[in-house]
Amino acid sequence: MKNRLEELDGLRGIFALLVVCFHFSEGPQFDPLGYTSNFIFRHSFIFVDFFFVLSGFVIAYSYLNHLNNTDAFIVFLKKRFIRLYPLLFYSVLIYVPLKAYGIFTGFEFNDGIYTVYNLIFETLDSLTFMNSTPILGSNEGMNPVSWSISAEMISYVYFGLIVILFMKKHIIAIALATIVTFIFFFQYGHLEVAGALGFLRGILGFSLGVIVHSLHQRFSCQFKGWEIPYLATLVMLFYFVDLEIKQELILAFPFWFGLGIFIFCRSGGLISKFLRIRAVQFLGKISYSIYLNHFFVLWVIHFIFWKVLKLEASQPGVWISFISTLGVTIVYSFFTQRFIEVKLGGWLRDKIN
């Protein structure tokens, strides 16, 4: 199973970079001329749902057989808190000076007009894992992408409680949760939600991941030769969604991601070999840092290129900014993975356990 998960780690790293590409290409501040916009980048926010589905699969694989009482549930939540919180805490606090700059200068971030009130509540919202719920407001949190970490933590609690309460019947309860959340989003019309509705998006993807794990345990079929057709169809899905033929088509992505996880666990083709190479595995290793760091890097590069150096908005300038954003995000994430995720995480583990 370890080798099979390497493919999924590789996909996670590449998809994390595609989320960076989405925010760069969709932000008029970062790409004022729209040179990097294309039908994949425009909808790459949807890879957040891949992370939810993959998380459900991995958590079910790692913890399902150990969640059999309240003590085990508490240990599980401690481990997941230690995994998520150090980098979340760091990435939220490092973002505060940027927003404070906006307050004193009138600079409008993605939030528009900003106040001290926003600063306080967005920080609290993120650090309490509440920014994917309406409890402290409908904002996405101090670090805009951190809403999905809130949804992730809530999914852990949901999963643990379901397994403890229903034991061997847990898959039925999770299937019902999948149906209910899918119906909600079908009525809503799309998946591009964050803030107050984000936790439902997390539960939908996470539940699908648990179901994929259950199928993976029950069936031993192989999928050699399926990798390229699968990815080609994924690209076609992006194209059809971009054509806006039917808005609800985007709801197919979490299910398609679930199928992809099932396929790449049992394929071993050329794409799998590529995903196992060291450079791609490195991206997978630092993918959590890439995801939480990139919005901060986007703004820093923006200030350096367009505010400090006052470069002219041109095609070369945009592409240099784009490449710099990707490069700086990767390098920066290497250090935060090593010193925040690992070392600070180890310190927190010693304090809690």
Side-chain angles (χ1 to χ4, degrees), residues 48-89 124-138 140-141 146-188 191 193-218 254-255 257-258 261 288 345 348-349 352-353:
V48 174
D49 297 275
F50 172 82
F51 304 147
F52 289 140
V53 178
L54 179 60
S55 180
F57 178 85
V58 172
I59 293 300
Y61 173 76
S62 301
Y63 293 99
L64 186 59
N65 294 331
H66 304 289
L67 282 169
N68 46 28
N69 55 55
T70 304
D71 290 340
F73 175 61
I74 293 173
V75 170
F76 165 67
L77 290 185
K78 280 184 179 179
K79 288 182 177 180
R80 301 324 300 163
F81 176 83
I82 291 168
R83 176 67 184 97
L84 294 181
Y85 206 71
L87 186 63
L88 173 67
F89 183 83
L124 289 175
D125 216 9
S126 298
L127 295 182
T128 56
F129 292 111
M130 290 294 103
N131 54 323
S132 68
T133 76
I135 292 175
L136 292 180
S138 61
E140 296 176 351
S146 67
W147 70 268
S148 62
I149 309 306
S150 162
E152 182 86 1
M153 192 66 196
I154 290 170
S155 294
Y156 296 154
V157 176
Y158 145 80
F159 171 74
L161 289 176
I162 289 291
V163 172
I164 289 176
L165 292 174
F166 295 93
M167 300 303 287
K168 293 184 178 180
K169 301 293 184 182
H170 72 275
I171 199 66
I172 297 174
I174 287 175
L176 288 174
T178 304
I179 294 170
V180 170
T181 49
F182 177 77
I183 291 173
F184 169 82
F185 283 110
F186 187 81
Q187 294 296 322
Y188 194 78
L191 271 175
V193 299
L197 294 175
F199 77 100
L200 292 175
R201 185 173 166 188
I203 287 175
L204 172 62
F206 195 95
S207 299
L208 284 169
V210 176
I211 292 171
V212 170
H213 171 263
S214 179
L215 295 173
H216 174 78
Q217 294 292 93
R218 285 169 169 77
F255 296 89
F257 291 145
I261 290 170
Y288 181 41
L348 184 61
R349 186 180 302 109
I352 292 179
N353 292 333

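Only heavy atoms go into these numbers, but all of them, side chains included; no hydrogens, no water, no symmetry mates.
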Locate the shortest heavy-atom distance separating Val53 from Gly258; write the atom from each residue and the value. CG1-CA, 3.8 Å
CD1 of Ile174 to CD1 of Ile179: how many Å apart, nearest 0.5 Å? 12.5 Å
I'd like to know if the side chain of Ser150 and the backbone of Ser132 have a donor-acceptor N/O pair within less than 3.5 Å. yes
Nearest heavy-atom contact between Ile211 and Ala175 is CD1-CA, 4.1 Å
Audit row: Phe255, Phe182, ring-ring contact (aromatic ring centres under 6.0 Å, His included) steps and yes/no: CA-CA 10 Å; Phe255 296 89; Phe182 177 77; 5.4 Å; yes
Matching residue for Met153 among Tyr158, Phe199, Phe81 - test: side-chain contact (heavy atoms from CB on, under 4.5 Å): Phe81
Are the side chain of Arg201 and the backbone N or O of Leu191 linked by a donor-acceptor pair below 3.5 Å? yes
What is the distance from atom OH of Tyr288 to atom CG of Leu84, rounded to the nearest 0.5 Å? 4.5 Å
For Thr178, does its backbone N or O pair with a side-chain atom of Thr181 as donor and acceptor, under 3.5 Å? yes
I'd like to know whether the aromatic ring centres of His216 and Phe57 sit less than 6.0 Å apart in this structure. yes
So which heavy atom on Ser146 is nearest to which on Asn131, and how close? OG-ND2, 3.0 Å
Pairwise side-chain contact, Leu200 with Phe185, heavy-atom cut-off 4.5 Å (strictly under): yes
Please work out whether the ring planes of Tyr85 and Phe129 are parallel, tilted or perpendicular, with thresholds of 30° and 60°. tilted
Looking at every non-hydrogen atom in both residues, tell me the closest pair between Arg349 and Ile82 and how far apart they are. CA-CD1, 3.7 Å
Take atom CZ of Phe184 as the centre, draw a 6.0 Å sphere, and report whether it contains more than 12 heavy atoms from other residues, nucleotides or ligands. yes
For Phe159 and Tyr63, I'd like to know if the aromatic rings sit close, meaning centre-to-centre distance below 6.0 Å. no
Looking only at heavy atoms, which two atoms of Ala60 and Leu64 are closest? And how far apart? O-CB, 2.9 Å
Give, for atom CD1 of Ile183 and atom CG of Leu204, the distance between the pair rounded to the nearest 0.5 Å. 11.0 Å
As an exercise, state the distance from NE2 of His213 to CD1 of Ile59, rounded to the nearest 0.5 Å. 11.0 Å
Ser55 side, atom OG; Phe50 side, atom CZ - distance, nearest 0.5 Å: 11.0 Å
All heavy atoms of Ala151 vs all of Gly198, minimum pair found to be CB-O, 3.5 Å
Distance (rounded to the nearest 0.5 Å) between Ile352 CD1 and Lys78 NZ: 7.5 Å
